[in-house]
Amino acid sequence: MSSSRSALQEAVEHAFTRGGALSQADERYVEREVQRRMAIDVAAAIDERRALVAEAGTGVGKTFAYLVPTLLSGARALISTATKSLQDQLFLRDLPRLRDALQLPVAMALLKGRASYLCLHRMNQARQSAQLPDRWAVRTLAKVEQWSKTTTSGDLAEIEGLDERSSVIPLVTSSRENCLGAECPEYRQCHVMKARREAMAADVVVVNHHLFFADMALRDSGVAELLPSVEVAVFDEAHQLAEAGVQFLGTTVSSGQVIDFARDMLGIGLQQARGLAPWQDLAAGCDRAARDLRMVCAGALRDVRGTLKLRWEERAQRDDFADALQGVARACTAAEEALDTVSELAPDFVKLGERARQLATLAQGFRGEADAANVRWIDLTPHQCRLVESPLDIRAALREQMGRAPKAWIFTSATLGDDDRLSWFTESAGLEDAVVLRVGSPFDYEANARLYVPRSFPKPSEAAHPAAVARLAALCARRLGGRSFVLTTTLRALQSIGEQLRAEFDAQSDDIQVLLQGQAPKRQLMQQFLAQPRSVLVGSQSFWEGIDVPGDALQCVLIDKLPFPPPNDPLVEARVKRLEREGRNAFADYFVAEAAVSLKQGAGRLIRSETDRGLLVVCDPRMAGMNYGRRLRQALPPMTPVLSEDEALAWLSELSGVSLPF
């Protein structure tokens, strides 16, 4: 061992060696040079209190590579992940295993956003209110009440089978706008405050990116009090950091917020001040104004699926848009005036008055001009509209945080760029000066994986493309007896390919099942896929990452087309204009770079362990024929290319153990 290494680096080195703490704790432990190397670099960043950006390919074991040095350092640490499920995995599985293996007395805490915790006060209000939409909601509320008697954390994730889309969740959780704080009758039993107290007392706190940025913008989650005392901040799945930040660092007002406010005002008004103000008329006015705003935002659009991003200019210059915003402001101001007359009756009315005033102010603000450095757009969903004004990236916000106190900042993911400086991530995060590490996957992709890019294939812009993807997916799935994913870049393609794939199987009376994103919650779809091997799962954006199917259950991944950002997305347009003003090539520096990272994410679903074998198909001839195709192919793991459909199908036959007729 090198004598120049610090005590922490020596301890980390020893933990990862054969005979070290990890191998003693787990007989299945395998030494990986790439994991050890990353862990040593993380330890060096902790020693020197500096930033490290580390891209670690599938199979490196990056979670242990940053957790081991963090725990051994004895430093107070904040670990941020992309999703609540990853948070739970770290807190419930990975951290306890390592704490026991390293025999360290580490106090750990899990901190989520308000919407993850039961609010006892609002649950009591929901019980007394007649606002529940249907009998399913009544049953769900009863289930929540029963669980509330035994839970110690108040984390709704504990409730088996609770759909995160349930209409009851907003009724039994608090938001920054409706929380009564110390005025709440249930304040001493508050699960949110308990989680924050535990976080302040812990050595290692696990949060998520949304919480980190929401706190930066609103100072509302407990992270703001926590950060100054933390010596190590780790961001896992850091490729999602920039988009999470952009969502939360801006200003937002939505029709849903106004409708929720109207519902709360009506419920509390009728419970605690019946007859003292025309609560039903005031609530109806807010509700109507919110729905009018969504209708104006939608314009001629009727059948909206998923989330559509609309250009601000397309709506903002119309008189009816300004009138709709004015209508929201007027309805909320009328509600505020009524709430002011009963504010002494209960703290709920004071908080409702503040919400009404804030909503009116936001609606008026969106009638004015945007900040020159920001971009505005409208998110339209089947049920609401969101008006957003946001910075183009997280550079300024992150630099401000990093400049406050010296600490180690670790950013890691399997995909952070396709060049040696990981520019895709470091530029948008303002981390050009950080130390960069790239460690490849230890898996043997050349032997175990094949890449097929069909050359004589319809272009994605051609009408025949979805049917061609469905036909090829059906051929692959038949060879494997299912066990395939089709990843699409849009929801429209998802529907079209899914329907045509079903038609392909029906035409030949195949018993292969097509599982389509949206027909059930994501977790349930994955359970069905694993329980029924003779199936093909067709998924869009949420299935491109965070899905782990090791072994033979998944052996073919088809990607419908190159995942370029949509050029008419307002945020994309604003970023392109900025690059062009800087004299840069927006296509190479933005579109191709974004596609390379997304492609790596999608391809990453295929090979999840040393023994996995499979075929990746990119159904886009541009990857074979255009000059940027080479850059995209090089961004992928080193899979062996196959040049024809016959070769691709022969490989699948080999995987499934089917002998080919000669």
Side-chain angles (χ1 to χ4, degrees), residues 58 239 414-415 418 445 449-462 464-477 479-480 482-498 500-501 514-517 529 536-549 554-566 591-608 612 614-626 628-643 645 648-649 651-652:
T58 308
H239 64 281
T415 48
D418 68 328
Y445 281 94
R450 301 289 184 268
L451 169 65
Y452 174 46
V453 182
R455 287 175 174 271
S456 55
F457 205 81
K459 293 191 179 79
S461 57
E462 294 174 14
H465 185 261
V469 175
R471 183 197 69 82
L472 186 51
L475 286 174
C476 293
R479 286 294 166 100
L480 287 170
R483 296 186 286 162
S484 303
F485 270 12
V486 180
L487 300 178
T488 70
T489 50
T490 64
L491 289 173
R492 185 183 292 120
L494 172 100
Q495 292 296 332
S496 177
I497 292 168
Q500 294 188 61
L501 191 52
V514 177
L515 302 172
L516 209 59
Q517 177 186 324
F529 180 79
V536 179
L537 193 150
V538 186
S540 192
Q541 207 54 53
S542 61
F543 284 87
W544 282 64
E545 56 184 283
I547 300 290
D548 193 14
V549 187
L554 175 63
Q555 292 195 307
C556 183
V557 171
L558 296 98
I559 291 174
D560 73 328
K561 65 177 181 177
L562 295 175
F564 289 118
F591 284 97
V592 178
E594 289 278 336
V597 168
S598 293
L599 204 56
K600 281 169 78 171
Q601 282 291 340
R605 298 318 97 217
L606 184 65
I607 304 293
R608 306 300 299 173
D612 280 11
L615 171 72
L616 174 68
V617 184
V618 181
C619 304
D620 191 332
R622 293 175 298 178
M623 189 160 167
M626 302 301 284
Y628 55 78
R630 184 179 178 197
R631 177 178 164 188
L632 293 174
R633 292 194 301 275
Q634 287 176 337
L636 293 173
M639 303 175 177
T640 299
V642 292
L643 300 177
E645 188 176 287
L649 294 174
W651 170 246
L652 293 180

Name all residues meeting the salt bridge (charged side-chain N to carboxylate O under 4.0 Å, His left out) criterion together with Arg622; count only those two or more places apart in sequence or in a different chain, and write none if there are none. Asp620

Does a side-chain heavy-atom distance below 4.5 Å link Val469 with Phe457? yes

Separation between CG (Leu615) and OG1 (Thr640), nearest 0.5 Å, reads 11.5 Å

Of all residues at least two apart in sequence or in a different chain, which pass the side-chain contact (heavy atoms from CB on, under 4.5 Å) check with Pro641? none

Using ring pair (Phe, Tyr, Trp, His ring centres under 6.0 Å) as the criterion, list what pairs up with Tyr452, not counting sequence neighbours. none

Might you point out which heavy atoms bring Arg605 and Ile547 nearest each other, and give the distance in Å? NH1-O, 2.8 Å

Residues at least two apart in sequence or cross-chain that pass side-chain hydrogen bond (donor to acceptor under 3.5 Å, both in side chains) with Arg633, listed by chain then number, are none

Do the side chains of Leu554 and Arg608 get nearer than 4.5 Å, heavy atoms only? no

For Arg483, which residues count as a side-chain hydrogen bond (donor to acceptor under 3.5 Å, both in side chains) partner, sequence neighbours excluded? Gln555

Donor-acceptor check, side chain of Trp544 to backbone of Thr488, threshold 3.5 angstrom: yes or no? yes

Distance-only donor-acceptor hits, side chain of residues 489-496, under 3.5 Å, sequence neighbours excluded:
from   : atom 1 : to     : atom 2 : distance (Å)
Thr490 : OG1    : Ala493 : N      : 3.0
Ser496 : OG     : Gln500 : NE2    : 3.1

Are any of the side-chain heavy atoms of Val617 and Pro454 separated by less than 4.5 Å? yes

Identify, with sequence neighbours excluded, every residue that meets side-chain contact (heavy atoms from CB on, under 4.5 Å) alongside Ala473. Val486, Leu501, Leu558

Taking all non-hydrogen atoms of both residues into account, name the closest pair between Phe529 and Ser484 and its distance. CE1-O, 3.4 Å

Please list, chain by chain and in numerical order, all residues satisfying salt bridge (charged side-chain N to carboxylate O under 4.0 Å, His left out) with Lys600, sequence neighbours excluded. Glu55

To check you understand the geometry: which heavy-atom pair defines the closest contact between Asp560 and His465, and what is its length? O-CE1, 3.0 Å

Interatomic spacing from CG in Leu562 to CE in Met623 - rounded to 0.5 Å: 6.5 Å

Nearest heavy-atom pair of Leu652 and Cys556: which atoms, and what distance? CD2-CB, 4.3 Å

Residues Leu616 and Leu636: closest non-hydrogen pair is CD2-CD1, 4.0 Å

side-chain contact (heavy atoms from CB on, under 4.5 Å) partners for Glu462, two or more places apart: Pro458, Lys459

Please tell me if the side chains of Ile607 and Thr58 come closer than 4.5 Å, counting only heavy atoms from C-beta onward. no

Looking at residues at least two apart in the chain, or sitting in another chain, which of them share a side-chain contact (heavy atoms from CB on, under 4.5 Å) with Val597? Thr415, Trp424

With a 4.5 Å limit on heavy-atom distance, are the side chains of Met626 and Val592 in contact? no

Is there a side-chain contact between Ile559 and Cys619 (heavy atoms, below 4.5 Å)? no

How far apart are the closest heavy atoms of Leu606 and Gly614, and which atoms are they? CD2-C, 3.7 Å

Does Glu545 offer a backbone N or O that forms a donor-acceptor pair with the side chain of Gln601 under 3.5 Å? no

Who are the ring pair (Phe, Tyr, Trp, His ring centres under 6.0 Å) partners of Phe543, not counting sequence neighbours? none

Sequence neighbours left out, what passes salt bridge (charged side-chain N to carboxylate O under 4.0 Å, His left out) with Arg471? Give chain and number order. Glu645

